[in-house]
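Not measured: the values here are computed from a predicted model.
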Amino acid sequence: MKKIILTGDRPTGKLHLGHYVGSIRKRLEMQDSKDIEKMYVMIADSQALTDNFDNPEKIRESLKEIVLDYLGCGLDPKKITFFVQSMVPELTEYTFYFLNLVTLARLERNPTVKNELQQKEFKNNIPVGFLCYPVSQAADITLFNATHIPVGVDQLPMLEQTNEIVRKFNSLYGETLVECEAILPDNENCFRLPGIDGKNKMSKSLGNCIYLADEEEEIYQKVMKMYTDPNHIKVSDPGKIEGNVVFTYLDAFQTPELFKKYCQEFYDLEELKKAYQKGGVGDIYIKKLLFNILNDILKPIRERRKEYAKDMNEVYKILKDGTNEARLVAKENLKNFKHALKIDYFE
Ligand code: TRP
């Protein structure tokens with residue numbers, strides 16, 4: 001069976017390096033893969049509104065930024081159908097019926113939601129829409145019969161919950177929906193990329209991001225500020241690798257080619273790590289190396305992004321065409337769904 005790929009992002013800001021290694025890199029690889037029947041990338045604006053309902057302008061602005069990030073990265077509209085979640089109302093219909101198949105307790109147990117609830121400090125005022133977004137995410141995935149979902153590890157609880165809903169639906173109404181599988185990054189260092197502060201994962205709300213659209217100078221400043229090893233004071237001091245963000249990023253972003261291009265003194269990253277641990281390698285040295293590698297990756301993305309930004313009409317047309325196409329599929333699949341639910345009265 002050929003794969004149907006679907007994934008998406010909340011438009012709550014520009015995309016950053018965490019998105020890049022967590023899922024974009026896999027998407028780039030998959031768009032060229034032979035065993036793919038169809039690939040969708042959805043801008044999850046409705047989901048973004050569940051915790052930004054008081055700031056619709058932010059979502060509207062971010063939608064634009066995110067499409068530019070996609071195109072800048074090289075995600076190709078000829079190979080991928082890009083669409084906007086809120087413009088596919090069939091998703092809302094699926095969600096409404098799925099809500100019957102999930103308990104409140106189960107939603108409150110979802111680890112990602114639990115985390116977010118703690119961060120947001122809603123206390124007793126949790127918006128119902130927010131708590132239910134995993135159910136709407138199950139609709140995103142199943143409406144398109146998606147089989148493979150390239151995501152970061154924080155999304156695994158969503159996919160687990162989706163598959164529970166699928167099993168429940170099928171057992172009640174007959175085999176209709178398909179279960180999905182996560183596609184994680186190959187490199188474990190990319191599972192939860194820390195922010196430049198080294199404390200938390202990279203996240204816009206924590207202000208510790210390097211954005212795909214950042215200018216060279218900004219990237220340089222951010223890399224120079226990165227958390228390393230607080231006890232590595234003199235160049236001759238032995239340094240620690242664990243928890244040292246510069247090395248975490250080097251692990252996540254280097255390739256043997258990039259390493260050779262920007263570091264001639266050491267044979268490979270492992271050798272550099274050993275030297276750093278022994279003492280004699282300064283933080284500025286490793287930071288400059290990281291900056292060069294990151295800039296090598298981000299420069300073409302930034303330039304392509306700027307090229308696309310010159311003609312926003314063309315960019316919106318990509319989204320509009322994709323959304324129209326996604327809707328045709330959605331309408332067709334909704335028929336089967338309604339048939340299984342026995343609410344297709346006049347068919
Ligand atoms: N929850 C995802 C995120 O925060 C975005 C998303 C919405 C998504 N629907 C999806 C991801 C369906 C994969 C599949 O990044």
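- Taking 4.0 Å as the cut-off between side-chain N and carboxylate O, K58 and E61 do not count as a salt-bridged pair.
- Inter-residue side-chain proximity for D237 and N231 is flagged as unmet; no heavy-atom pair is nearer than 4.5 Å.
- Residue pairs that meet the ring-ring contact (aromatic ring centres under 6.0 Å, His included) test with at least one member in residues 190-224, sequence neighbours left out, are Y220-F291.
- A salt bridge between K288 and E265 is absent, with no side-chain N of the basic residue lying under 4.0 Å from a carboxylate O of the acidic one.
- Between E271 and K274, no side-chain nitrogen of the basic residue sits less than 4.0 Å from a carboxylate oxygen of the acidic one, so the salt-bridge criterion is not met.
- Separating the SG atom in C73 from the CD1 atom in I297 is a distance of 11.0 Å, to the nearest 0.5 Å.
- The aromatic rings of F98 and F337 sit perpendicular, their planes meeting at an angle over 60°, well past the 30° parallel limit.
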Stepwise, does the side chain to side chain contact (heavy atoms under 4.5 Å, CB included) test hold for L71 with V67?
-> CA-CA 6 Å; L71 298 169; V67 211; 4.3 Å; yes
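- No side-chain heavy atom of V178 sits under 4.5 Å from any side-chain heavy atom of V166.
- For the pair I4 and Y40, the tightest heavy-atom approach, listed with the atom from each and the gap, is CG2-CE1, 4.0 Å.
- For Y97, the side-chain hydrogen bond (donor to acceptor under 3.5 Å, both in side chains) criterion is met by no residue, not counting sequence neighbours.
- Heavy-atom minimum distance, L131 versus L107: O-CD2, 3.4 Å.
- E218 is linked by a side-chain hydrogen bond (donor to acceptor under 3.5 Å, both in side chains) to nothing, counting only residues two or more places apart in sequence or in another chain.
- Using a 4.5 Å cut-off between side-chain heavy atoms of Ile, Leu, Val, Met, Phe, Trp and Tyr, with links allowed through other members, Y267 and I293 fall into different hydrophobic clusters.
- With sequence neighbours left out, the side-chain contact (heavy atoms from CB on, under 4.5 Å) criterion links Y173 to L101, F169, A340, L341.
- The pair K273-D251 meets the salt-bridge criterion, since a charged nitrogen lies less than 4.0 angstrom from a carboxylate oxygen.
- Under a hydrophobic clustering in which Ile, Leu, Val, Met, Phe, Trp and Tyr are joined whenever their side-chain heavy atoms come within less than 4.5 Å, directly or via other members, I219 and M226 fall into the same cluster.
- The closest side-chain heavy-atom distance from L289 to L272 is below 4.5 Å.
- Panel note: side chain T7, backbone P150; a donor-acceptor pair is recorded below 3.5 Å.
- Judged by distance alone, the side chains of D283 and Y276 do bring a donor and an acceptor atom under 3.5 Å apart.
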Yes or no on side chain to side chain contact (heavy atoms under 4.5 Å, CB included) for K120 and I126, after CA distance, side-chain angles and deciding distance?
-> CA-CA 9 Å; K120 291 178 201 300; I126 304 170; over 6 Å; no
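- Cluster partners of I59, by chain and number: L49. The rule joins Ile, Leu, Val, Met, Phe, Trp and Tyr whenever side-chain heavy atoms lie under 4.5 Å apart.
- Salt-bridge annotation for K335 and E347: absent, with no side-chain N of the basic residue lying under 4.0 Å from a carboxylate O of the acidic one.
- With Y249 contributing its side chain and P194 its backbone, the two residues share a donor-acceptor pair below 3.5 Å.
- Within the 4.5 Å cutoff, the side chain of L17 has heavy atoms near those of the L294 side chain.
- A309 is linked by a side-chain contact (heavy atoms from CB on, under 4.5 Å) to L68, counting only residues two or more places apart in sequence or in another chain.
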Show your working on side chain to side chain contact (heavy atoms under 4.5 Å, CB included) between I24 and D69 and close with a plain yes or no.
-> CA-CA 10 Å; I24 303 274; D69 284 330; over 6 Å; no
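- Minimum interatomic distance between N244 and Y227 (heavy atoms only, all atoms of both residues): OD1-O, 3.9 Å.
- The salt bridge (Lys or Arg N to Asp or Glu O under 4.0 Å) contacts involving residues 132-155 comprise D154-K201, where partners must be two or more places apart or lie in separate chains.
- Geometrically, K320 does not engage Y316 in a cation-pi contact defined by less than 6.0 Å to the ring centre and at most 45° from the axis.
- Identified under the ring-ring contact (aromatic ring centres under 6.0 Å, His included) test for residues 54-73, with sequence neighbours left out: Y70-F82.
- Under 4.0 Å is where a charged nitrogen must lie from a carboxylate oxygen, and between D45 and R60 no such pair does.
- Panel note: side chain Q264, backbone K260; a donor-acceptor pair is recorded below 3.5 Å.
- With a 4.5 Å cut-off on side-chain heavy atoms, H19 and K14 do not count as touching.
- Within the 4.5 Å cutoff, the side chain of S136 has heavy atoms near those of the Q85 side chain.
- Between Y285 and F266, the ring-plane angle classifies as perpendicular under the 30° and 60° cut-offs.
- Formation of a donor-acceptor pair under 3.5 Å by the N208 side chain with backbone atoms of S203 is found in this model.
- Side chains of S23 and R27: a donor on one and an acceptor on the other come within 3.5 Å.
- H339 and D344 are linked by a side-chain donor-acceptor pair at a separation below 3.5 angstrom, with hydrogens and angles left out of the test.
- Minimum heavy-atom separation, I66 to G13: CG1-O, 3.5 Å.
- Contact check for M30 versus I183: side-chain heavy atoms found under the 4.5 Å cut-off.
- No more than 12 heavy atoms of other residues, nucleotides or ligands shown are found within 6.0 angstrom of NZ on K199.
- The list of salt bridge (Lys or Arg N to Asp or Glu O under 4.0 Å) pairs with a residue in residues 128-139, not counting sequence neighbours, is empty.
- With rounding to the nearest 0.5 angstrom, the CG atom of L99 is 8.0 Å from the CD1 atom of I165.
- Judged as a side-chain contact (heavy atoms from CB on, under 4.5 Å), and not counting sequence neighbours, the contacts of E90 are V88, L143, R327, A330, K331, L334.
- Annotation: ring-ring contact (aromatic ring centres under 6.0 Å, His included) contacts involving residues 103-131, sequence neighbours excluded, comprise F122-F130, F130-Y133.
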V235 vs I284, side chain to side chain contact (heavy atoms under 4.5 Å, CB included): CA-CA, chis, key distance, verdict = CA-CA 9 Å; V235 172; I284 299 292; over 6 Å; no
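- No single ILVMFWY cluster, assembled from side-chain heavy atoms under 4.5 Å apart, contains both V84 and F144.
- A donor-acceptor contact shorter than 3.5 Å links the side chain of H232 to the backbone of V281.
- Side-chain contact check for Q31 and D76: no donor-acceptor pair (N or O, by modelled atom type) lies under 3.5 Å.
- The minimum heavy-atom distance between A48 and R10, with the atom names listed, is CB-CB, 4.1 Å.
- A donor-acceptor pair under 3.5 Å is absent between the side-chain atoms of K79 and the main chain of D32, judged by distance alone.
- With hydrophobic clusters built from ILVMFWY side chains whose heavy atoms lie under 4.5 angstrom apart, F253 shares a cluster with I286.
- Residues A182 and L159 approach most closely at CB-CD1, 3.4 Å, considering heavy atoms.
- Sorted by first and then second residue, the side-chain hydrogen bond (donor to acceptor under 3.5 Å, both in side chains) pairs involving residues 290-300 (not counting sequence neighbours) are E216-N295, K261-D296, Y262-D296, N295-R302.
- Within the 4.5 Å cutoff, side-chain heavy atoms of T112 are placed close to those of E116.
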